[in-house]
Structure formats: C-alpha cells, structure tokens
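I'd like to ask some things about the structure below.
Lettering follows sequence order; numbering is per chain, from 1. Values reported hereafter were calculated over all heavy atoms of this structure, with side chains retained and with hydrogens, waters and symmetry mates removed.
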Amino acid sequence: MFGTLYLRYNVMELSKNFQHKEAEQQWYAHWEKKGYFKSTPDDREPYTIVMPPPNVTGILHMGHALNNSVQDILIRRAKMMGYNTCWVPGTDHASIATEAKVVGMLRDRGIDKKNLSREEFLKYAWEWKEEYGGIILSQLRKLGCALDWDRTTFTLDDDYYASVIRVFVDLYNKGNIFRGVKMINWDPKAKTALSDEEVNHKQMNSKLTYVKYRIDSEKEEYITIATVRPETILGDTAVCVHPEDERYAHLKGMYCFVPIINRRVPIIFDEYIDKEFGTGALKVTPAHDINDYNLGQKHNLQVIDTINEDGTMSSDAGKYEGLDRFVVRKKIVEDLKELGLVVKEEDYVNQVGFSERTDVVIEPRLSMQWWCKMGELAKPAIDAVADNDIDFHPGKFKNLYRHWMENIKDWCVSRQLWWGQRIPAWYDTEGTIYVAETAAQAHAQYQSKKPALAAQHAELRQEEDVLDTWFSSWLWPMEVFGWNKNPENAELNYYYPTNTLVTAPEIIFFWVARMIMAGYEFKGGLPFKEVYFTGIVRDKQGRKMSKSLGNSPDLLKMIDDFGADVVRFSVMICSPAGNDVLFDEAGLEQGRNFCNKMWNAMKLVKGWETRCEDDLDDTQVRFAMDWMDARLAQVSGEVAELMKDFKLSEGLKTVYSLIWNDFCSWYLEWVKPAQDQPIATSIYERTINIFEQLIQLLHPFMPFVTEDIYHILRERADGDDLIQKQLPAYQAPDAEMLKAGSMLQEVISAVRDTRNKNQLKPKEVINLGIDTQDKAFYERTMDILRKQVNATDITFTNEAKAGTLSIVVQTDKIYIDAPNATVDTVAQKADMEKDLIYLKGFVASVEKKLLNEKFVQNAKPEVIENERKKHADAMDKIKAIEESLK
RNA sequence: GGAAGCAUAGCUCAGCUGGUUCAGAGCAUCUGCCUUACAAGCAGAGGGUCCGCGGUUCGAACCCGUGUGCUUCCA
C-alpha cells in the first residue's frame with residue numbers, strides 16, 4: 001500500500017488537482033485496516049454516538065448526508081482530543097416500508113402475499129434484506145464515516161428481537177400494555193394501524209357538499225348537513241345540532257332518514273357542534289371520524305363500518321360495496337344530485353391526514369389494537385430535559401418536547417404486518433390472553449390458570465400482529481451494546497449513556513422522546529447527554545427535499561463527481577446552527593475550489609524541499625511565521641468554542657478562512673522565496689508544521705484531502721496518520737503579534753488600493769516614504785512589505801514630498817512615489833478630505849457622549865475609558881491626515 | 001383554532017450580558033491583472049432606513065409593546 005502511496009506522492013508527478021477518487025478509496029481502506037474506527041473500552045474517557053439507524057430499505061439522501069457528516073465531524077474531532085470514540089452503525093427493519101418493498105418484489109415475481117404463510121413470507125423478506133437491504137451502509141463508507149463496523153446492528157437481529165419482546169412483556173406485567181378497541185389511523189395501502197406520529201397533515205382543496213336529510217314527520221321537511229366526506233354518509237347513525245341553535249330547536253326528539261339507504265337515525269343535541277360551521281348540523285359517523293366516535297360513545301349511537309381495510313366500501317355500503325372510497329365520494333354525490341338532495345357544493349380548504357410511510361390518505365377506523373400507556377414513562381423523561389440532564393441543541397426544542405410529553409397519549413404499538421417483532425401474546429379458545437417471552441412460558445401460564453381447558457384444547461394461538469418499528473428503535477442506545485444479554489455488561493457500562501445524539505427534529509416524538517423514556521425505564525438512566533437537532537434540508541427555493549418533488553440531488557453522483565470531502569463541505573457550509581439547510585449546489589464548487597487551493601499550496605511548499613539550505617538567515621520572514629503561529633493559536637481557540645456550541649458551520653467557515661486567507665493569501669506570499677531562490681530549512685520546516693496543524697483543524701470536516709496532504713507533506717512512519725493525531729493543548733495567542741500582523745496587512749492593502757485607484761500596473765515599481773513613530777515595526781517587516789507592494793526603496797521621512805500620493809494608516813503617514821507614472825494626487829487628496837470629515841463627525845459624537853453627565857454617571861468605567869481612547873485615536877488620526885494633506 | 005420561531009448587503013447567514021470605529025463574513029457583482037502553487041486563481045472596490053410604528057434608556061440591530069410578512073409544529 002505504501003508503494004502506491006509513494007508513486008502518487010512523487011513530487012515531480014503531483015497532479016494538477018486533488019484526485020479524490022483514488023485518495024478516498026485508499027484512505028478509507030487504510031483507516032479501516034489500521035482499526036482506527038474500532039473501539040474497545042479502555043481507561044480513556046469514551047465519546048459515543050449511536051447513529052440513527054436508517055431504514056434498511058433506504059438509500060443515501062441529503063438528510064443522511066447532513067446528519068452523518070455532523071456525527072463524523074464530532075467523532076473525528078473527539079478522537080483528536082483524546083477520547084475513546086465509538087460510533088455505532090446499523091439499520092432499522094422499518095416494518096411498513098420493508099414489507100411494502102417485499103410485497104412489491106413478490107408481485108413482480110407473480111406471487112401474492114395472500115397465498116403465502118407467515119413463515120414463507122418472512123423467508124422471502126430475509127432474502128430481500130440480505131440482497132438489497134443495507135445498501136446505505138456502504139454509501140456511508142463513501143461519505144467517509146468513521147463507523148465501528150464490527151458493531152453494526154439490525155433491529156431485527158436475534159438479540160435485538162429478544163430485547164423487544166422482553167420489554168413488551170415487562171411493560172405488560174407492569175400494567176402498561178393493554179389491548180383495546182379505539183379509533184386509530186388506518187393506512188389502507190399498508191393495511192395497518194399507525195400511531196398519531198406517523199400521520200402527516202396536509203392542506204387540501206376539498207369540496208364541502210351540502211346534503212338534505214328528510215325529516216321523519218308528516219310534512220316534507222329536511223335538515224341540511226355539510227360534509228367533505230359524502231362517502232361516509234352510509235355509515236351515519238345520527239345528525240347532531242347545537243342545543244342552543246334556534247333553527248333546529250323544534251327537532252328535539254325527532255328522527256331523519258339517511259339518504260340512499262334510508263336509515264332512520266335520531267337528531268341529537270350536543271354542545272360540541274360549531275353553530276357557525278356549514279349549516280350548524282353535523283352528520284355523525286362514529287365508525288369513520290374520531291370526533292363522531294366520541295359523540296357516538298356519549299349518545300350511545302350505533303357504529304356502522306362502511307369501509308374495508310383496503311379502502312373499498314364494505315357490505316354495509318349496499319350497492320357501493322367493493323368500490324374505492326374516493327370513487328364512491330364522487331358517485332354518491334352524483335346519485336344524491338339525481339335524487340335532488342344536494343343543496344350546493346362549496347370549495348373548502350381542510351387538513352387531511354396522510355400516511356408517513358405510504359402517503360395515502362389515512363382512514364380513521366375503529367379497531368382492536370395493542371396500546372402502551374405513556375403517562376408514567378414520560379415523567380422522568382420530562383424532568384431529564386427540564387433539568388438539562390439531557391441538553392437539547394438548539395434549546396428551542398425543549399419547549400416542544402415538554403409540551404408533547406405533558407400531553408402524551410397512549411401509543412398504538414401493534415401493526416398488522418409480518419415483518420417485525422411478533423407480539424408475544426397467546427390466546428386460548430376462550431380468548432384469554434397470555435403474555436410471555438416464549439410460547440412455552442405462555443403455555444405454562446395457561447396450564448396453571450385453566451388446566452381443564454388446556455387438557456381439552458391444548459393449542460394456544462399467537463397474536464398475528466407485530467410491533468411498531470419504533471417500539472424496537474427506542475431501545476437502540478442500550479441494545480447496540482448488548483443490554484438484553486446482560487444489562488450490566490462492561491461495554492454497556494462503559495459506553496452508556498452515550499454522548500451526543502444527532503438527529504432531525506421531525507423524529508423528536510417518534511424516537512428521541514421514546515429513547516429517553518426507555519432509557520429511564522429499562523436501563524435506569526438517560527440514553528445520551530445531549531441531543532443536536534440538525535435542520536431540515538431544503539432546496540434553494542426553500543422547498544423540503546422529497547422524492548415526489550424530485551428536487552433532491554443524486555448524492556452518489558455528487559460524491560463521484562466532486563468527492564466526499566466536497567460534498568461534506570457543501571452540506572456543512574450551508575448548515576447554520578439550529579436552522580434549516582438551504583442546499584445550494586454552488587457550495588460544491590466552493591468546496592472543490594478549496595480542495596484545489598490546499599492542493600496547490602501543498603505543491604508550492606513541497607516544491608521548496610529541494611531548495612532548502614541550512615545556513616540561510618530566516619530573520620526576514622520570522623515575523624510572518626510568528627504571526628501565523630499566533631493566528632493558528634487564536635483560531636484554534638475560536639474553533640474549539642464554536643464546536644462546543646455545535647456551531648459546526650461557523651467552525652468550518654473559520655477554518656476555511658484561516659487556510660485560504662491567512663495562510664495562502666498572506667502567509668505563503670510573505671515567506672515565499674523569489675523564483676529559483678533557495679529557502680532556509682528552518683522556514684521550510686516551520687511552514688510544514690503550520691500546514692499540518694491547519695489541515696488537522698480541518699480534518700474532521702474534510703477527512704480525505706487532509707489525510708492525503710498530510711502524507712505528502714512529510715514521509716510518515718507507520719501509524720502516523722492524521723486521523724488519530726492528537727490536537728495540541730490550547731495556547732494563548734501572542735496578542736502583540738496579532739496586532740502587528742493586521743497592521744502590516746492594513747498597510748499593504750492601503751498601498752495596493754492606492755496603486756489600483758491610480759492605475760499603477762502591478763509591474764510598475766514604487767518607492768515608499770514612511771512617517772511613523774514605530775520605525776521598529778517597519779524595519780521588522782520591510783522585506784515583506786517591499787515584496788507585497790512591489791516597492792524598491794522604502795525610507796523613513798518626516799515630511800510630505802510633493803507629487804506623491806499620501807495615505808494614512810492608523811497614525812502613520814505613507815507617501816507613495818511612482819517615478820515612472822503620472823498620478824492624480826488631487827483625487828487622492830479629495831479622498832482623504834472625505835475621511836477627515838467623517839472622522840471629525842465621529843469625534844464630535846464621542847465628545848457629546850463624554851460631555852453627557854448621565855453617560856459618565858451610568859456607563860461602566862471600562863466603557864468610558866474606551867470612549868476616551870476612541871476619542872484620542874481619532875484625534876491622532878485627524879492630526880496625521882491634516883499633516884499629510886499639507 | 002393553539003403554540004413556537006424567524007425578519008440584518010442581491011443570496012445564505014454571524015452579530016454574546018445594550019456600549020470595541022458596530023453595522024460584519026462567505027457567495028454573487030464590478031474594476032484591474034494569464035504576477036515565479038493555483039484563472040477552480042491574484043489584487044482591490046462597491047453594496048444595508050438592521051421589516052414598519054411606538055416605548056424603555058445617557059445610549060437599541062440587541063430589551064418591551066404593537067402591526068406586517070414568512071416558516072414550522074400541534075389540533
């Protein structure tokens with residue numbers, strides 16, 4: 001492997017640009033081979049992240065790229081800070097999504113799920129999983145993720161399965177799990193119940209249809225209701241009005257007929273009704289609306305279920321039986337029109353629930369399901385976040401969390417699917433339930449409870465339903481470390497609680513809240529210490545990236561074209577902390593250019609290697625090196641602060657600017673020897689050291705290019721890899737050096753600006769006369785200054801020379817003499833006059849402040865001191881300008 | 001209908017406890033340069049009523065009230 005390295009890194013053959021494809025492959029394999037991603041408990045402090053397991057059916061999209069880049073950055077940085085880092089990968093069995101995929105695959109092969117037994121179906125499902133599942137894990141490698149692959153976990157692994165069953169039984173025994181009929185969200189495509197969290201509400205343009213119901217009386221009299229779901233009319237078992245609605249007061253105790261099927265139903269009165277909505281009369285369909293259901297309970301109404309589990313009409317729908325609900329919606333309105341019962345139709349905007357998984361319209365449906373009571377589980381989890389035992393970033397999600405947790409409802413945990421953990425409940429012939437971890441244990445319960453029945457009918461029937469996928473994911477941080485086998489095992493005790501959970505705010509209820517509850521309930525403590533919520537990835541126009549909009553870019557192609565580093569850069573650079581991510585492909589170019597910049601800087605520096613001479617004097621550029629060290633120290637501190645606050649995007653920008661502006665644009669230009677000139681070995685060595693530290697700061701963000709450059713800069717011993725190089729301890733930057741450095745930059749920029757404004761070509765030589773109190777500064781930096789502004793003579797002077805351009809930097813007066821060009825000194829003077837006017841105004845405002853008694857009384861002493869200093873500085877500058885204008 | 005958040009340069013965003021020459025950065029734009037690593041580059045410049053209105057304060061981008069607009073979550 002180092003053979004190929006050597007070839008690629010032969011200086012003479014260094015490519016024009018950074019070659020991401022080779023580098024990525026090479027370094028990921030190297031890191032893996034070296035075992036850098038692996039973690040075993042030792043005496044270091046652990047830093048642990050469990051990756052939110054993507055669906056086993058998933059392929060890498062923008063959300064994953066963001067989420068996992070963030071985690072990788074945190075992990076890699078923690079590793080450099082000396083932690084024993086452990087990042088656990090895995091996938092989620094995603095019951096609904098996967099079962100849908102498998103059903104689709106079977107259909108393509110001409111197999112109908114209905115004709116398969118559970119065992120046969122599961123065999124196919126596992127086959128599918130082995131062949132197509134988990135593609136995303138290999139895609140995460142491409143992104144460069146430093147995951148401990150030996151710990152890869154699947155939520156349907158045997159041990160994982162057992163832990164889910166154990167938790168179910170435990171909660172059942174504690175009385176938290178029960179079975180009951182309730183109104184649930186039914187997904188007619190997946191044919192399963194969903195939890196409230198799995199329903200997305202979207203605004204829809206609907207029609208509000210006004211329909212007349214004939215009242216059962218001598219006269220021909222009608223009551224008109226308004227509905228957006230005419231197809232449910234067939235399930236109506238009442239019409240309801242407000243008790244104080246005078247329009248309907250005379251109908252007390254009367255009945256009306258449901259059109260088409262002519263069912264005689266009561267007119268009931270309830271304060272639930274909104275008198276203003278529609279006609280103030282509501283058709284009540286207890287089987288198909290949660291509010292109607294509640295009304296029905298209260299008023300003892302019949303429940304008639306007119307919709308089948310696949311969304312077609314049931315036998316109770318009479319002649320519409322077998323037709324789809326949306327077909328019937330139209331047809332029934334036509335039929336009602338023919339009967340003359342439609343009063344009018346109005347456009348109406350309402351919220352409609354869609355399945356999070358299959359995106360079909362949810363059907364509220366009454367059904368027998370398994371439920372988990374959440375109230376008790378929620379209590380410690382509420383406190384954990386309120387007391388900041390678990391820290392949320394950004395903090396705004398704390399409120400959201402608390403609000404939801406305080407109003408938490410029972411969790412519908414059963415799903416009418418086969419792919420998942422089968423609910424460990426068995427029924428005897430009389431319908432009694434036995435919940436146990438194994439069939440044998442259930443039988444034992446049965447034997448002891450009903451020996452007579454057991455003797456007659458030995459068989460128990462197991463519940464067909466499986467558990468909600470989230471009922472397994474909520475154990476993730478515990479179970480990836482083998483909680484089920486041994487809840488006190490050494491690994492679990494070392495890595496748990498994990499440090500940081502990085503996830504999307506959309507699953508704060510699905511997953512985050514439930515993991516916290518599970519952590520306290522089953523492990524007796526919090527699952528992670530902090531949660532970082534990334535933003536939602538949107539396109540440039542602010543639209544959420546989604547398959548249906550087709551606005552999410554092809555990540556793998558992007559990685560292929562630009563490289564993982566660039567993709568990571570482009571995602572992170574537009575990810576402001578706590579805000580959504582407006583992904584702009586322009587970031588790809590910026591990232592590519594950045595790689596190119598570093599690559600070329602490396603080529604420049606590397607090119608000096610053969611020009612090194614030990615005895616050369618380096619005092620001329622010592623200023624540059626000392627300044628760069630100071631900047632490095634300063635920015636390292638800034639980055640550390642930013643990372644602590646999860647301001648990763650800011651952190652990246654800061655390092656980017658340090659490398660591009662400070663290092664490439666200033667430093668390298670300052671130390672660069674003239675063409676074909678030798679360079680002092682000491683400068684070369686120190687420059688390499690600086691370069692190393694720079695790319696080390698960047699490494700967590702862009703691991704490949706940095707590791708690659710690290711190895712080209714110097715020949716490295718086996719095991720000397722950037723990924724595991726430890727960050728140096730924080731050093732306070734040399735403040736004097738920083739100040740001097742920016743002064744030099746200011747002088748250079750001011751001279752260049754003046755050159756530009758006077759159309760002095762870069763090649764045009766100038767002379768500088770400098771009037772300053774601080775000659776030492778200019779003596780120290782004179783060579784750099786000369787080179788940077790293309791000056792030949794730099795001399796000290798005490799007076800303005802006629803025909804020169806004068807500028808003032810801080811309080812130094814600089815006279816620019818261009819011997820071979822004509823310059824417009826008048827325009828230059830006018831510019832300075834403008835500065836003067838501004839400064840005088842500024843001084844006046846500061847004076848006003850200082851003369852204001854209230855200010856002097858109330859302001860903090862250091863603020864006043866500052867104002868005085870501002871005043872003095874401005875006065876000095878005014879003086880300098882006035883003198884140079886003479 | 002309930003709740004939260006946001007509004008600063010053309011775009012995306014920083015701006016801490018009200019006071020630093022505080023109005024900033026990156027991208028985009030404009031001008032000049034193929035200058036001995038990089039034109040995927042270099043040097044420089046121009047862009048803002050800090051959403052409107054009112055208040056608190058010696059002092060407000062920042063605190064309070066209010067209006068407007070946008071976004072998200074919940075029902």
Side-chain angles (χ1 to χ4, degrees), chain A residues 14 16-18 196-197 200-201 274 290-291 351 353 394 396-400 403-404 407 505-506 508-509 535-536 538 540 542 544 573-584 586-608 641-642 645 647 649-650 652-654 656-657 660-661 664-665 668-669 672-677 748-757 759-763 787-790 838-839 842-843 845-846 848-860 862-867 869-871 873-874 877:
Chain A
L14 278 176
K16 188 170 190 308
N17 300 322
F18 171 59
D196 290 343
E197 289 70 44
N200 296 328
H201 293 271
D274 175 4
I290 180 67
N291 297 311
Q351 299 284 325
K396 65 180 174 186
F397 290 110
K398 278 180 205 170
N399 277 337
L400 185 67
H403 186 257
W404 186 77
N407 296 287
E506 297 139 307
I508 184 168
F509 307 131
I536 295 164
R538 300 169 181 281
K540 224 174 145 183
K544 205 164 159 175
I573 203 76
C574 60
S575 302
N579 278 340
D580 286 353
V581 177
L582 291 181
F583 184 74
D584 184 349
L588 290 169
E589 239 167 274
Q590 197 184 348
R592 182 198 57 189
N593 295 352
F594 185 37
C595 281
N596 185 39
K597 188 75 187 172
M598 288 186 287
W599 186 258
N600 278 293
M602 179 273 291
K603 274 167 67 182
L604 172 72
V605 173
K606 211 47 199 166
W608 300 339
E641 284 302 309
L642 290 169
D645 296 341
K647 295 182 175 173
S649 186
E650 281 289 303
L652 174 57
K653 282 178 192 169
T654 306
Y656 170 85
S657 163
W660 196 309
N661 298 323
C664 293
S665 296
L668 287 179
E669 295 299 330
K672 191 155 106 178
Q675 197 174 17
D676 299 325
Q677 292 298 302
I748 292 169
S749 292
V751 175
R752 282 173 175 171
D753 182 27
T754 310
R755 288 186 64 121
N756 259 350
K757 282 188 177 137
Q759 278 123 42
L760 291 175
K761 295 263 188 262
K763 282 182 178 146
K787 186 161 67 177
Q788 290 280 279
V789 300
N790 193 20
Y838 169 80
L839 279 170
F842 175 72
V843 165
S845 79
V846 175
K848 195 174 149 201
K849 212 187 265 188
L850 285 169
L851 289 172
N852 182 332
E853 273 178 41
K854 283 188 174 170
F855 170 72
V856 180
Q857 277 166 16
N858 296 327
K860 280 181 276 186
E862 57 266 33
V863 171
I864 295 170
E865 191 45 47
N866 234 314
E867 291 296 322
K869 186 169 182 313
K870 274 153 65 175
H871 185 260
D873 288 350
K877 179 137 193 177

Give one of base, sugar-phosphate or nothing for K869(A), where a contact means two heavy atoms less than 4.0 Å apart.
nothing

Look at the side chain of K787(A) and the backbone N and O of A674(A), then say whether any donor-acceptor pair between them is shorter than 3.5 Å.
no

For the residue pair F18(A) and W599(A), categorise the inter-ring angle as parallel (less than 30°), tilted (30 to 60°) or perpendicular (more than 60°).
tilted

Among U35(B), A45(B), C73(B), the nucleotide that comes nearest once only the side chain of L400(A) is considered
C73(B)

Could you tell me whether the side chain of R592(A) has a donor or acceptor atom within less than 3.5 Å of a complementary atom in the base of A40(B)?
yes

Nearest-neighbour nucleotide for the R752(A) side chain, C38(B), C13(B), G44(B) considered
G44(B)

For G18(B), measure the glycosidic angle (O4'-C1'-N9-C4 for a purine, O4'-C1'-N1-C2 for a pyrimidine) and name it syn if it falls within 90° of 0, otherwise anti.
anti

Does C50(B) have a Watson-Crick or wobble mate here (both distances under 3.5 Å), and if so which one?
none

If you look at every strand shown and take non-hydrogen atoms under 4.0 Å, does D584(A) touch a base, only sugar-phosphate, or nothing?
nothing

Take the protein atom NZ of K16(A) and the nucleotide atom P of A40(B), then report the distance between them rounded to whole Å.
7 Å

Which one is paired to A61(B), where only Watson-Crick or G-U wobble pairs with both distances under 3.5 angstrom count?
none

In terms of the nearest nucleotide of RNA chain B, which residue is placed more toward the 5' end: P762(A) or A586(A)?
A586(A)

Determine, for K877(A) against D873(A), whether the closest basic-nitrogen to carboxylate-oxygen distance falls under 4.0 angstrom.
no

Can you tell me how far C1' in G15(B) sits from the matching atom in A23(B), rounded to whole Å?
9 Å

Counting heavy atoms from C-beta on, name the nucleotide in G5(B), A37(B), C58(B) closest to the side chain of N852(A).
C58(B)

Considering only the P atoms, how many Å lie between A45(B) and A25(B), rounded to the nearest integer?
11 Å

Side-chain contact check for L604(A): nearest option of G26(B), G19(B), A37(B) is A37(B)

Taking atom C1' in both U17(B) and G59(B), what distance in whole Å separates the two?
15 Å

So what does W608(A) touch, heavy atoms closer than 4.0 Å: a base, only the sugar-phosphate, or nothing?
nothing

Crowded around Q677(A) CD? As in, over 12 foreign heavy atoms under 6.0 Å?
yes

Base paired to G18(B) (Watson-Crick or G-U; both N/O distances under 3.5 angstrom):
none

Indicate, with a heavy-atom threshold strictly under 4.0 Å, whether K672(A) touches base, sugar-phosphate, or nothing.
base

Please classify the nucleic acid contact of L839(A) as base, sugar-phosphate, or nothing, using heavy-atom distances under 4.0 Å.
base

Reckon F594(A) touches a base, only the sugar-phosphate, or nothing at all at heavy-atom distances under 4.0 Å?
nothing

When you get a sec, tell me which of C58(B), C73(B), G41(B) is the closest nucleotide to the side chain of W660(A)?
G41(B)

Could you tell me the Watson-Crick or G-U partner of G10(B), where both distances fall under 3.5 Å? Say none if there is no partner.
C27(B)

State, yes or no, whether a side-chain contact exists between L851(A) and V856(A) at a heavy-atom distance under 4.5 Å.
no

Rounded interatomic separation in angstrom, taking CH2 from W404(A) and C1' from A3(B)
16 Å

Inter-nucleotide P distance (G41(B), U35(B)), Å rounded
16 Å

From CZ of F842(A) over to P of C22(B), roughly how many Å is that when rounded to an integer?
9 Å

In Å and rounded to the nearest 0.5 Å, what is the CD to CD1 distance from Q788(A) to I748(A)?
4.5 Å

Taking 4.0 Å as the cut-off, does a side-chain nitrogen or oxygen of S657(A) come that near to OP1 or OP2 on G26(B)?
no

Nearest-Å distance, CD (E650(A)) to C1' (G24(B))?
11 Å

N407(A) side chain near C74(B) phosphate (N/O to OP1/OP2, under 4.0 Å):
no

Taking atom C1' in both U68(B) and C11(B), what distance in whole Å separates the two?
23 Å

With respect to the side chain of N661(A), which nucleotide from U20(B), G26(B), A14(B) is positioned closest?
G26(B)

Return the value, rounded to whole Å, for the distance between atom CD1 of I508(A) and atom P of G5(B).
14 Å

Watson-Crick or G-U wobble mate for A3(B), both contacts under 3.5 Å:
U72(B)

Which listed nucleotide (G15(B), A37(B), G44(B)) is nearest to the side chain of D753(A)?
G44(B)

Nearest-angstrom distance, P atom, C50(B) to A7(B)
14 Å

Using the P atom in both, what is the distance from G5(B) to A9(B), to the nearest Å?
22 Å

Just how far, in rounded Å, is P of A75(B) from CZ of F509(A)?
9 Å

Judged by atom type as modelled, is there a donor-acceptor pair below 3.5 Å linking the side chain of D584(A) to the main-chain atoms of A586(A)?
yes

Heavy-atom donor-acceptor pair, N600(A) side chain to N596(A) backbone, under 3.5 Å:
yes

Below 4.0 angstrom from OP1 or OP2 of C27(B), is there any side-chain N or O of K653(A)?
no

Expressed as a whole number of angstroms, how long is the span from I573(A):CD1 to A14(B):P?
13 Å

Complement of U56(B), any strand, by Watson-Crick or G-U distances under 3.5 angstrom
none

Touch check for S749(A), heavy atoms < 4.0 angstrom, all strands: base, sugar-phosphate only, or nothing?
sugar-phosphate

Mind checking N858(A) for me? I need base, sugar-phosphate or nothing, with any heavy atom below 4.0 Å counting as a touch.
base

Kindly say whether E650(A) contributes a backbone atom to a donor-acceptor pair with the side chain of T654(A) at under 3.5 angstrom?
yes

K761(A) has its side chain closest, among A37(B), G5(B), G32(B), to G32(B)

For N600(A) and N17(A), take the nucleotide of RNA chain B holding the closest heavy atom to each; which residue's nucleotide lies nearer the 5' end?
N600(A)

If you measure from NE2 on H403(A) to CG on N407(A), what distance do you get to the nearest 0.5 Å?
5.0 Å

Answer with base, sugar-phosphate or nothing: what part of the nucleic acid does C595(A) contact at a heavy-atom distance below 4.0 Å?
nothing

Can you tell me how far C1' in U49(B) sits from the matching atom in A3(B), rounded to whole Å?
32 Å

Got a donor-acceptor pair under 3.5 Å from the side chain of E669(A) to the base of A37(B)?
yes

Identity of whatever pairs with U35(B) - Watson-Crick or G-U, under 3.5 angstrom:
none

In whole angstroms, how far is the C1' atom of C58(B) from the NZ atom of K860(A)?
15 Å

